[in-house]
Undergrad: 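Let me give you the structure first, and then I'll get to my questions.
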Amino acid sequence: MNKMKVLIADKLSEEGMELIKREFEVEVKTGLSEDELVNIIKDYDALIVRSATKVTRRIIENSRLKVIGRAGVGVDNIDVEAATERGILVVNAPCSNTIAACELTLGLMFSLVRNIPQANQSIKEGKWEKNKFLGTELYRKTLGVIGLGRIGREVAIRAKGLGMNVIGYDPYISKTTAAQYKIRMTNFEELLKTSDIITIHTPLTRDTYHLIGYKEFEMMKKGVYIINCARGGIIDEKALYDNLISQKVAGCALDVFEKEPPENNPLLQLPNVIATPHIGASTKEAQKMVSIEIAEEVINALKGEPVRSCVNALTNTFQKEYTI
Ligand code: NAD
Ligand code: MLT
């Protein structure tokens, strides 16, 4: 009997790939366009992607896939609704990159308030601008965490260790969970009004698209800092740009953008913006764990065994309308 075939369309660490190869035939083809994927997808039973490949309705409808594996958390690059309509399982690897994304958030927070990337650039240009880079301390500042899921919680725990006053907003977690993590929950408006630094850790959904726009910036303290290591599109980039120009927002750190790569994004021209190319999950540890976690899920799905992280049940029409 022919082995089932798995297409890996974005870079995946060896460890997970080896697990799949023990059971199925694996082909790695990265950087494919939508048309190229549409042409070849009929040959495969499973497709594994990270965030670069957009798994559109067209690709899905031209396939005989049984499962789509997302080597990471966010499934906004997959048309989950189209997959669900065709009975295709969508599985992700939600637990493996939590610490990596949390630590990048903290790294960006320090970088932001102490101008570390700008100071590094300056000294490498032969300058000694000691007085230019006057920073702000994190100690006793209020950190507002929007979204207290896996990553938000880890950020909150560590920020408390830095002596920060941490407040959180998440309409979907219970008081018991918040109490367990000793996070003071607040409402959205209060978080916006009282935070010195705001960090976002929600998924990108219909509800969170442009969650932070002109109205929300208006409510914030003058001189607030913003960090987004979650998803582009949660902050309205035009509103962010205008508020950085007016200095209402003192600075922001972005790992994610509405359009990735962010070609000619005016935010990247501003001196008070620091940015990284969606590297929240890019640690050796996380990539190894993600590849194993997604490999196990895809193997189980192909064998008809139970999977842990099926996301089809959570689908809404958001993916179709905003990202694909
Ligand atoms: P999670 O599902 O564990 O947590 C998300 C939390 O957001 C949940 O607790 C949910 O209740 C909350 N939430 C949903 N809608 C909300 C709203 N309107 N307001 C406030 N809270 C809301 O997810 P996670 O693993 O913590 O990941 C968080 C985000 O980080 C996701 O967008 C994910 O894709 C992204 N991520 C990015 C990177 C990266 O490389 N930059 C890496 C990993 C994860
Ligand atoms: C995720 O959602 O897991 C992240 O965006 C990480 C990634 O896939 O690069």
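Both backbone and side-chain heavy atoms feed into the values below; hydrogens, waters and symmetry mates do not. Whatever order the structure lists them in is the order used to number ligands and atoms, beginning at 1. Nothing fancy with the numbering, it's 1 onward along the sequence.
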Undergrad: Please say whether more than 12 non-hydrogen atoms of neighbouring residues, nucleotides or ligands are located less than 6.0 Å from NZ in K11.
TA: no
Undergrad: Where on F188 is there a heavy atom closer than 4.0 Å to ligand 1, on the side chain, on the backbone, on both, or on neither?
TA: neither
Undergrad: Hey, does I151 come in under 3.5 Å of ligand 1, counting only N/O atoms on both sides?
TA: yes
Undergrad: Nearest 0.5 Å, please: how far is CG in N300 from SG in C310?
TA: 12.5 Å
Undergrad: Which atoms of ligand 1 have any heavy atom of Y172 under 4.0 Å away?
TA: 11 (O), 13 (N), 14 (C), 15 (N), 16 (C)
Undergrad: To check your reading of the model: name the closest protein heavy atom to atom 28 (C) of ligand 1, its residue, and the distance in Å.
TA: H201 O, 3.4 Å
Undergrad: Measure the distance from atom 20 (C) of ligand 1 to every protein heavy atom, then report the residue, atom name and distance (to 0.1 Å) of the closest one.
TA: P171 CD, 3.3 Å
Undergrad: Considering the heavy atoms of A101, write down every atom of ligand 1 situated less than 4.0 Å from one of them.
TA: 42 (C), 43 (C)
Undergrad: E154 and side chain to side chain contact (heavy atoms under 4.5 Å, CB included): which partner among T105, I99, L148?
TA: I99
Undergrad: CG/D79 to OG1/T56 distance, rounded to the nearest 0.5 angstrom?
TA: 7.5 Å
Undergrad: Quick check on T98 - does any of its heavy atoms sit under 4.0 Å from an atom of ligand 1?
TA: no
Undergrad: Give the residue, atom name and distance (to 0.1 Å) of the protein heavy atom nearest atom 18 (N) of ligand 1.
TA: T208 CG2, 3.5 Å
Undergrad: Just distances here: any N/O of R150 and N/O of ligand 1 closer than 3.5 Å?
TA: yes
Undergrad: Between R58 and D35, is the closest basic N to carboxylate O distance under 4.0 Å?
TA: yes
Undergrad: Which pairs, with at least one residue in residues 177-197 and sequence neighbours excluded, count as a ring pair (Phe, Tyr, Trp, His ring centres under 6.0 Å)?
TA: Y169-F188
Undergrad: Do Y241 and Y225 sit in the same hydrophobic cluster, where Ile, Leu, Val, Met, Phe, Trp and Tyr count as joined when their side-chain heavy atoms come under 4.5 Å apart?
TA: no
Undergrad: Relative to the heavy atoms of N97, which atoms of ligand 1 are at a distance of less than 4.0 Å?
TA: 43 (C)
Undergrad: With the threshold set at 4.0 Å, does a side-chain nitrogen-carboxylate oxygen contact exist between K193 and E189?
TA: yes
Undergrad: Examine C229 against ligand 1 and note whether any of their N/O atoms are separated by less than 3.5 Å.
TA: yes
Undergrad: With a cut-off of 4.0 Å, which atoms of ligand 1 are near a heavy atom of A281?
TA: 40 (O)
Undergrad: Would G280 count as a polar contact of ligand 1, with the cut-off being nitrogen or oxygen pairs under 3.5 Å?
TA: yes
Undergrad: Are K29 and E36 ion-paired here, with the side-chain N under 4.0 Å from a carboxylate O?
TA: no
Undergrad: Can you establish whether the number of heavy atoms outside E27 located under 6.0 Å from its atom CD is more than 12?
TA: yes
Undergrad: What residue and heavy atom of the protein are closest to atom 4 (O) of ligand 1, and at what distance?
TA: G149 CA, 3.2 Å
Undergrad: With respect to T202, determine whether any N or O atom, backbone or side chain, lies less than 3.5 Å from an N or O atom of ligand 1.
TA: yes
Undergrad: Counting only heavy atoms closer than 4.0 Å, does ligand 1 sit against the backbone of L148, its side chain, both, or neither?
TA: backbone
Undergrad: Check each heavy atom of D255 against ligand 1 and say whether those closer than 4.0 Å belong to the side chain, the backbone, both or neither.
TA: side chain
Undergrad: Short list, please: which atoms of ligand 1 are under 4.0 Å from a heavy atom of H278?
TA: 39 (C), 40 (O), 41 (N)
Undergrad: For a distance cut-off of 3.5 Å, show me each N or O of ligand 2 paired with any protein N or O, plus the separation.
TA:
from     : atom 1 : to   : atom 2 : distance (Å)
ligand 2 : 2 (O)  : R70  : NH2    : 3.1
ligand 2 : 2 (O)  : V73  : N      : 3.3
ligand 2 : 2 (O)  : G74  : N      : 2.8
ligand 2 : 2 (O)  : R231 : NH2    : 2.7
ligand 2 : 3 (O)  : V73  : N      : 2.6
ligand 2 : 3 (O)  : N97  : ND2    : 2.9
ligand 2 : 5 (O)  : R231 : NH1    : 2.9
ligand 2 : 5 (O)  : R231 : NH2    : 3.0
ligand 2 : 5 (O)  : H278 : NE2    : 2.6
ligand 2 : 8 (O)  : R70  : NH1    : 2.8
ligand 2 : 8 (O)  : R70  : NH2    : 3.1
ligand 2 : 9 (O)  : R50  : NH2    : 3.0

Undergrad: If you measure from CD on Q269 to CG on L244, what distance do you get to the nearest 0.5 Å?
TA: 13.0 Å
Undergrad: Between the candidates G232, P203, P94, which shows the shortest non-hydrogen contact distance to atom 14 (C) of ligand 1?
TA: P203
Undergrad: Once you round to the nearest 0.5 Å, how far does CD1 of I146 lie from CD1 of I227?
TA: 11.0 Å
Undergrad: Run the numbers for me: atoms of ligand 1, each under 4.0 Å from some heavy atom of G74, listed by number.
TA: 34 (O)
Undergrad: Is any side-chain heavy atom of V49 closer than 4.5 Å to one of K54?
TA: no
Undergrad: Any chance you could measure K215, atom NZ, to L192, atom CG, to the nearest 0.5 Å?
TA: 9.0 Å
Undergrad: Is any side-chain heavy atom of D196 closer than 4.5 Å to a side-chain heavy atom of N165?
TA: no
Undergrad: For atom 11 (O) of ligand 1, what's the nearest protein heavy atom and its distance?
TA: D170 OD1, 2.8 Å
Undergrad: What's the shortest distance from atom 35 (C) of ligand 1 to any protein heavy atom, and which residue and atom give it?
TA: A230 O, 3.5 Å
Undergrad: Is the NZ or CZ atom of K3 positioned over F24's six-membered ring, under 6.0 angstrom from the centre and within 45° of the axis?
TA: no
Undergrad: Between H210 and E258, is the side chain to side chain donor-acceptor pair (under 3.5 Å) condition met? List the steps.
TA: CA-CA 10 Å; H210 286 191; E258 283 206 35; 2.8 Å; yes
Undergrad: Do ligand 1 and D207 have nitrogen or oxygen atoms that lie under 3.5 Å from each other?
TA: no
